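Notes follow the structure.
Quick note on labels: first sequence line is chain A, next is B, and so on, each numbered from 1. Note that the coordinates shown come from a computational prediction; the quantities given were computed from them, not determined experimentally.
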Amino acid sequence: MKIEKPTIPKGTRDFGPDIMLRRQFILNTIRTVFEKFAYQPLETPAIENLSVLTGKYGSEGDQLLYKVLNSGDFLSKTDGSDIEKGYKHLTSKISEKGLRYDLTVPFARYVVMNQHAITFPFKRYQIQPVWRADRPQKGRYREFYQCDADVVGTNSLVCEAEIILMINEVMSHLGLMDFTININNRKILTAITDLIGEHGKEAAFCVAIDKLDKIGRENVIKELSNNGFSQNAISNLNPFFEISGTTEEKITQLETHLKNSEVGKIGLNEVKQTIEYLKDFGLEKDHVEFDLTLARGLSYYTGIILEVKANNSSLKSSITGGGRYDNLTGVFGLEGVSGVGFSFGVDRIYDVLEELNLFPKEFDASTKVLLLNFDAVSFKESLKVLGVLRKSNIKCEVYPESVKIKKQMNYANKKDVPFVLMIGENEIKEGKYQLKNMDTGDQKMLNLKEIIDVLTM
RNA sequence: GUGGUUGUAGUUCAGUUGGUUAGAACGCCUGAUUGUGGUUCAGGAGGUCGUGGGUUCAAAUCCCAUCUUCCACCCCA
């Protein structure tokens with residue numbers, strides 16, 4: 001049999017111990033903050049019925065769904081003509097399940113299925129991997145974690161404000177101080193599309209305007225024009241391009257421009273109210289910047305939208321995003337449930353922290369002391385000592401085989417174990433053990449109590 | 001889905017216009033040192049040159065296909 005080198009699928013990654021320690025640091029930080037804000041945990045299955053997933057992310061999104069082939073004879077429901085009808089038709093016949101694409105849609109599904117048991121407003125957080133059949137590149141993976149927190153069943157803008165508080169708290173715990181929370185409101189974008197006379201073309205408008213900082217004004221105009229926006233509409237857009245200044249200044253300018261649009265005024269008020277709440281919370285620096293060009297792709301947002309980017313990072317894409325959706329559960333038959341949520345992209349946050357060298361030096365997760373294994377008698381005594389040390393919550397291990405001391409010491413060095421404990425014939429006789437500090441090379445004969453004192457210092 | 005890019009030892013990489021037995025560093029193993037590590041010294045193992053096909057007297061090197069890596073576009077965390 002030919003031996004082939006094992007590989008992992010494109011866009012997926014293994015997380016070795018050193019990486020996992022850092023990931024857990026991020027994950028634990030996020031989880032702690034979610035729970036402090038009274039969000040409750042939820043997990044949903046990795047695979048969902050395709051009917052739950054399809055049509056929720058736009059036509060592009062459907063392309064990026066991983067479909068799971070029916071088990072058993074997946075061809076049993078097909079015949080030759082199905083192939084001729086094309087792959088989309090065939091897919092529906094041979095695949096009924098798919099990997100989840102995000103955590104929001106499964107959450108909506110959960111809310112609908114459990115509406116009678118849920119007390120609204122319902123605040124839940126969910127930290128699980130999601131999968132997208134995208135082509136991988138910088139900051140983009142096919143399997144990645146999302147950390148979502150959503151509230152459903154309330155329109156209160158305090159939720160939006162609390163999201164901004166949570167983002168600030170998480171970032172500051174992670175040591176990432178230089179970031180920007182861009183916010184906007186879908187209603188404002190709807191209003192602008194209406195005001196320039198292109199009612200209903202909001203989606204195309206959003207996609208184009210979102211790229212303003214990336215491709216520039218000329219190219220945005222070109223793209224709008226290509227998408228059927230009239231010359232007149234595009235020139236009507238000019239005043240909006242001129243909006244600038246601080247968040248307050250931008251809002252003031254927009255108030256003039258949007259005075260004839262009901263929906264625009266509502267959207268603007270939502271932004272103002274959210275910022276007002278932030279002041280009430282007493283947040284000193286909120287990192288919030290109003291950004292009229294922020295649109296975000298997902299089709300279900302209807303109110304405030306937000307996106308977080310790390311400044312001074314080579315990663316230009318967002319590390320956190322979210323917004324309000326008025327009717328997410330509507331597609332599953334539950335109308336009138338408004339929700340707002342956001343999601344931390346752990347994998348991207350990891351990349352940023354790594355690049356900016358912001359990870360704490362030590363995580364205190366490795367072995368504190370290694371017990372050397374001299375011979376059978378020493379080993380037996382070691383097991384007793386291990387039990388005592390572990391009762392004192394000391395991370396410890398014995399080298400499992402009685403090999404050369406050099407090799408055992410080397411093991412301690414490789415794992416950055418700060419202490420080794422030598423339990424040999426002499427030590428057992430004396431009832432004291434040699435504790436060696438691997439950094440300084442010092443070693444002392446100590447009794448168990450003294451050893452525990454040193455190790456728990 | 002579109003365009004580009006990458007692949008040689010466990011790892012990071014050299015490898016001339018195609019020409020003997022494909023190299024280095026680090027890592028690994030053994031010994032100097034049978035109860036004391038990091039350092040040093042001596043020695044050793046380790047490769048179907050991503051895979052498959054083609055051109056050639058001769059291919060890591062040239063051509064084709066395929067997979068893989070990374071980057072950009074579309075879109076997104």
Where A/Ala133 and A/Arg142 come nearest, the two heavy atoms and their spacing
C-NE, 4.2 Å
Given RNA chain B, 5'-ward residue of the pair A/Gly61 and A/Ile405, judged by closest heavy atom:
A/Ile405
Specify the separation, in whole Å, of atom CG of A/Asp134 and atom C1' of B/rC70.
15 Å
Roughly how many Å apart are B/rA24 and B/rG43, using the P atom of each and rounding to a whole number?
13 Å
Presence of salt bridge, A/Lys211 and A/Glu223, under 4.0 angstrom
yes
Does a sphere of radius 6.0 Å around CE in A/Met113 hold more than 12 heavy atoms from other residues, nucleotides or ligands, not counting ones at 6.0 Å or beyond?
no
Comparing nearest nucleotides in RNA chain B, the 5'-proximal residue of the pair A/Thr320, A/Pro136 is A/Pro136
When you check the gap from the basic side-chain N to the acidic O, do A/Arg22 and A/Glu354 get nearer than 4.0 Å?
yes
At 4.0 Å (heavy atoms only), tell me whether A/Glu425 reaches a base, stays on the sugar-phosphate, or touches nothing.
base
On the ring face of A/Tyr39, is A/Lys123 found with NZ or CZ under 6.0 Å from the centre and within 45° of the axis?
yes
For B/rU11 and B/rG27, measure between their P atoms and round to the nearest Å.
15 Å
Could you work out the separation of B/rG15 and B/rG23 based on their C1' atoms and round it to a whole Å?
7 Å
For A/Thr180 and A/Asn311, which I'm curious about, is there any donor-acceptor pair between the side chains at under 3.5 Å?
yes
Starting the side chain at C-beta, find the nucleotide from B/rG38, B/rC74, B/rU36 nearest to A/Lys214.
B/rC74
At under 4.0 Å between heavy atoms, what does A/Lys415 touch on the DNA or RNA strands: base, sugar-phosphate, or nothing?
nothing
Classify the side-chain pair A/Asn437/A/Asp442 by whether it contains a donor and acceptor separated by less than 3.5 Å.
no
Any chance the side chains of A/Thr320 and A/Glu307 put a donor and an acceptor closer than 3.5 Å?
no
Looking for any heavy atom pair under 4.0 Å, which part of the strands does A/Gly441 touch: base, sugar-phosphate only, or nothing?
base
So what does A/Glu427 hit on the nucleic acid, given a heavy-atom distance under 4.0 Å: a base, only sugar-phosphate, or nothing?
base
Can you identify which nucleotide, out of B/rU36, B/rC73, B/rC75, has its nearest atom closest to the A/Gln137 side chain?
B/rC73
Would you kindly give the CZ-to-C1' distance between A/Arg23 and B/rA77, to the nearest whole Å?
12 Å
For A/Asp347, answer base if it contacts any base atom (sugar-phosphate contacts may also be present), sugar-phosphate if it contacts only those atoms, and nothing otherwise; contact means non-hydrogen atoms under 4.0 Å.
nothing
Hey, is the side chain of A/Arg140 pairing donor to acceptor with the base of B/rC75 inside 3.5 Å?
yes
Please classify the nucleic acid contact of A/Ser343 as base, sugar-phosphate, or nothing, using heavy-atom distances under 4.0 Å.
nothing
In residues 39-48 of chain A, what residues come within less than 4.0 Å of RNA chain B, judged by heavy atoms?
none
Length of the CG-C1' vector between A/Leu294 and B/rC75, whole Å
15 Å
Using a heavy-atom cut-off of 4.0 Å across all strands, would you classify A/Lys10 as base, sugar-phosphate, or nothing?
sugar-phosphate
Residues, nucleotides or ligands: over 12 heavy atoms within 6.0 Å of A/Glu355 CD:
yes
Can A/Phe344 be called stacked on B/rA77 when the rule is centres closer than 5.5 Å and an angle between planes below 30°?
no
Rounding to an integer number of angstrom, what distance separates B/rG10 and B/rG46 when you compare their C1' atoms?
9 Å
Calculate the interatomic distance between A/Arg13 atom CZ and B/rA77 atom C1'; express it in whole Å.
11 Å
Nearest-Å distance once atom P is located in both B/rU61 and B/rG7:
12 Å
Between the side chains of A/Lys415 and A/Glu397, is the shortest nitrogen-to-carboxylate-oxygen separation below 4.0 Å, so that they form an ion pair?
yes
Check the distance between B/rG38's P and A/Asp442's CG and give it to me in whole angstrom.
17 Å
Mind checking if A/Tyr141 touches a base, just sugar-phosphate, or nothing, with heavy atoms under 4.0 Å?
base
What protein N or O atoms touch nucleotides 29-33 of chain B N or O atoms at under 3.5 angstrom, if any, and at what distances?
| residue | atom | partner | partner atom | Å |
| --- | --- | --- | --- | --- |
| B/rG31 | OP1 | A/Lys404 | NZ | 3.0 |
| B/rG31 | OP2 | A/Lys404 | NZ | 2.5 |

Sugar-phosphate, base or nothing in reach of A/Asn413, heavy atoms under 4.0 Å
base
Between the base of B/rC75 and the side chain of A/Arg132, is there any donor-acceptor pair under 3.5 Å?
no
Any chance the side chains of A/Asp148 and A/Thr104 put a donor and an acceptor closer than 3.5 Å?
yes
Could you tell me the separation between the CG atom of A/Asn410 and the C1' atom of B/rC28, rounded to a whole number of Å?
11 Å
Check this for me: does any side-chain nitrogen of one of A/Arg124 and A/Asp150 sit under 4.0 Å from a carboxylate oxygen of the other?
yes
Under 4.0 angstrom, heavy atoms only, what part of the nucleic acid is A/Asp439 near: base, sugar-phosphate, or nothing?
base
Ion pair A/Arg324/A/Glu270, N-O distance below 4.0 Å:
no
Salt bridge between A/Asp351 and A/Lys138, side-chain N to carboxylate O under 4.0 Å?
no
Dot-bracket notation for RNA chain B, counting Watson-Crick and G-U pairs under 3.5 Å, with | for partners on another strand:
((((..(..((((.....[...)))).(((((.......))))).....(((((..]....))))))..))))....
Using atom CD of A/Gln408 as one end and atom C1' of B/rG38 as the other, report the distance to the nearest whole Å.
16 Å
Which part of the nucleic acid does A/Gln443 contact within heavy-atom distance under 4.0 Å: base, sugar-phosphate only, or nothing?
base
Would you measure the distance from the P atom in B/rC26 across to the matching atom in B/rA22 and give it in whole Å?
22 Å
Integer-rounded Å distance: B/rU36 P and A/Asn373 CG:
15 Å
So with a 6.0 Å cut-off around NZ of A/Lys380, is the heavy-atom count from everything else above 12?
no
When you compare B/rU16 with B/rU6, how far apart are their P atoms, in angstrom units rounded to a whole number?
15 Å
For the C1' atoms, the ones on B/rG47 and on B/rG4, what distance do you get once it is rounded to whole angstrom?
30 Å
